Trainee: 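Please find one structure pasted underneath; my questions will follow.
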2 protein chains.
Amino acid sequence: MPDEPSRSPRPRAGRTTAGRRKLRHALTVAAIEKFLEQGYEATTVDEIASAAGVGRRTFFRYFRSKEDAIFPNHEEVLRDIERLFAAADPARNPVEVACAAVGLVLDFYLADPEVSVKRYALTRTVPSLRDKEVASVDRYQRVLAAYLRARFEADGDPIADLRGSVAAAAVAAAHNHVLRRWLRSGGTDDVHAHAREAFRLVTDAFSEPERQAERGEQPADQTVVAVLTTTTPLPDVVSRLSAALRGTGAEQGAP
Amino acid sequence: MPDEPSRSPRPRAGRTTAGRRKLRHALTVAAIEKFLEQGYEATTVDEIASAAGVGRRTFFRYFRSKEDAIFPNHEEVLRDIERLFAAADPARNPVEVACAAVGLVLDFYLADPEVSVKRYALTRTVPSLRDKEVASVDRYQRVLAAYLRARFEADGDPIADLRGSVAAAAVAAAHNHVLRRWLRSGGTDDVHAHAREAFRLVTDAFSEPERQAERGEQPADQTVVAVLTTTTPLPDVVSRLSAALRGTGAEQGAP
DNA sequence: TACTCTAATGGCACTGCGTGCCGTTAGCAA
DNA sequence: TTGCTAACGGCACGCAGTGCCATTAGAGTA
């Protein structure tokens, strides 16, 4: 029964799990090589399979399609992300947790710079491969969104759904930006510094004001200095302060 | 020469531009109908073409692939967006302009609720259609990102690239959220109210603090009420206020 | 060592997408 | 009416993806 792709095989007989991983990788490498060498459309599945020393039918037991051949096994990373979410401290800023999650994806690409850079050359030029790539990003984004929505919901956010979707997209985009920058550099720049910078941007953008205050960050011109006599009636104090906060020039009001 | 899809046809002979649009729409409707009725894989291009009264070969003159059949003509909308960007007031908040741009996409879907809702039923269930949908969103997102990056760059933002990518993703996600909510409602809820809410979220998240102040929007707990005697030395006033703004409990300080 | 059981393999045939080619048809211009 | 041109339809071809099935390889058992 265990045959077709995306199944979790028990190592019993025939090829072992390690053997499967190895052949899968060999097919990926062969595919990338052929695609770069003679073009994507011009390469047939037969050629890829023979290059890896297996039959055409076997290729389709490892990959759903010709396009899938060059992509890493996202299922594994998705599982890691789910685990990270399950184990995450509920008191921690959800956006930070989401950033940690995409950090796993980043590490996954960093683990094999050779293949990652070559794959990038293909996804940039072949439309159908790019579509696949985008689709996989979307899968990550949805997992992030589900987590963030739940966390925002638990925090009593009235627009948890919206904020979760948008924040997830931002986190995913930050990841993509850092990854692509690294890929364009040929795998030779300081990813983690850029990642910190990018994650900081989205964390700042999507944290509640209270949380921003907790981290000691304030918008620049929030300072309101009220100079009032002690005899000023309380309602006046309130209205002048609120006017000042709205920037309607109450700072020019008489004491 | 003018034959294959995605070409800008001069109306000279044969079928006119209006005629092309009509047939294209007829094919889309036929495809959606068949897909919903008997399933996506179970429907052949031959069936769709015959249902629209044309030959199979003609189908592929209107759509690159079977998947494309159910999608609207994004090229048109992309052109509209480019025009909007070109005409946009450079003094306007770039994120607001980007929101206006995706508003065009939203309107495009709203123009034909019947088809949009049916298409949504398909993109939710058929993986390959969903991938295509996601790919089209990505195209919009890239156009948004290019605009935002340029604008942020012009504003002297040192991380214009990053901020542009992330903000574009957020705007696109906000659009998707609103659109999908509307689609799930069957095309019967107040889209524009939700759109305003969503656009406000991303605008707030990605505007410079100065701009936030200009729009008179403040985080909820920024209010600082200082009660001080007129004899308090100025340095004390300053330090107590700044402490209060950091939430370090200066509000409990002695007057 | 021999046997069994099971999963992986590879070949074959089949459906259907996408495309190149080409003869035919339909509308526009003189 | 006579070109002219673009869209149409049919045919054939390559190839992706899949169901089917006989064969092979390796682990466990006696």
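Proteins get letters first, then strands, A, B, ... in listed order; numbering begins at 1 in each. Only this structure's heavy atoms are used, side chains among them; waters, hydrogens and symmetry mates stay out. Keep in mind that this is a model prediction, so the values were computed, not measured.
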Trainee: For Arg130(A) and Thr125(A), indicate whether the former's side chain and the latter's backbone hold a donor-acceptor pair under 3.5 Å.
Mentor: no

Trainee: Does the side chain of His74(B) come under 3.5 Å of the side chain of Arg139(B) through a donor N or O and an acceptor N or O?
Mentor: no

Trainee: Side-chain N or O of Arg61(B) less than 4.0 angstrom from OP1 or OP2 on dG9(D)?
Mentor: no

Trainee: Considering just the side-chain nitrogens and oxygens of Thr44(A), establish if one lies under 4.0 Å of OP1 or OP2 belonging to dC15(D).
Mentor: no

Trainee: Has Arg119(A) got a side-chain atom pairing as donor or acceptor with Ile70(A)'s backbone, closer than 3.5 angstrom?
Mentor: yes

Trainee: Whole Å only: how far is the OH atom of Tyr62(A) from the P atom of dA7(C)?
Mentor: 14 Å

Trainee: How long is the line joining CG of Asp46(B) and P of dT19(C), in whole Å?
Mentor: 15 Å

Trainee: Rounded to whole Å, please give me the gap between CZ in Phe59(A) and P in dC12(C).
Mentor: 20 Å

Trainee: Base, sugar-phosphate or nothing for Thr43(B)? Non-hydrogen atoms, less than 4.0 Å.
Mentor: sugar-phosphate

Trainee: Is Lys118(B) close enough and on-axis enough to Phe35(B), meaning under 6.0 Å and within 45°, for cation-pi?
Mentor: no

Trainee: Return the value, rounded to whole Å, for the distance between atom CD of Glu41(B) and atom P of dT18(D).
Mentor: 9 Å

Trainee: Compare the minimum distances between each of dT9(C), dG18(C), dC8(D) and the side chain of Phe60(B), then state the nucleotide with the smallest one.
Mentor: dG18(C)

Trainee: How many whole angstroms separate atom CD of Glu67(B) from atom C1' of dA16(D)?
Mentor: 13 Å

Trainee: Output yes when at least one side-chain N/O atom of Arg57(A) is less than 4.0 Å from OP1 or OP2 of dC20(D), else no.
Mentor: no

Trainee: With distance as the sole test, does Ser116(B) use its side chain to make a donor-acceptor pair with the main-chain N or O of Pro113(B) at under 3.5 Å?
Mentor: no

Trainee: Verify the contact: side-chain N or O of Ser65(A) to OP1 or OP2 of dA16(D), cut-off strictly under 4.0 Å; return yes or no.
Mentor: no

Trainee: Test your reading of the model: is there a side-chain donor-acceptor pair from Arg151(A) to the backbone of Arg92(A), 3.5 Å cut-off?
Mentor: yes

Trainee: Is a donor-acceptor pair below 3.5 Å formed from side chain Arg56(B) to base dG16(C), judging by atom type as modelled?
Mentor: no

Trainee: Could you label the plane-to-plane angle of the Tyr109(A) and His175(A) rings as parallel, tilted or perpendicular, counting under 30° as parallel and over 60° as perpendicular?
Mentor: tilted

Trainee: Given atom CD of Glu47(A) and atom C1' of dA16(D), what is their separation to the nearest angstrom?
Mentor: 14 Å

Trainee: Round to a whole Å and report the spacing from CG of Leu23(A) to P of dA25(D).
Mentor: 15 Å

Trainee: What is the distance from CD1 of Ile48(B) to P of dG18(C), rounded to the nearest Å?
Mentor: 10 Å

Trainee: Let's see if you get this right: which residues in residues 121-132 of chain A place a heavy atom under 4.0 Å from DNA chain D?
Mentor: none

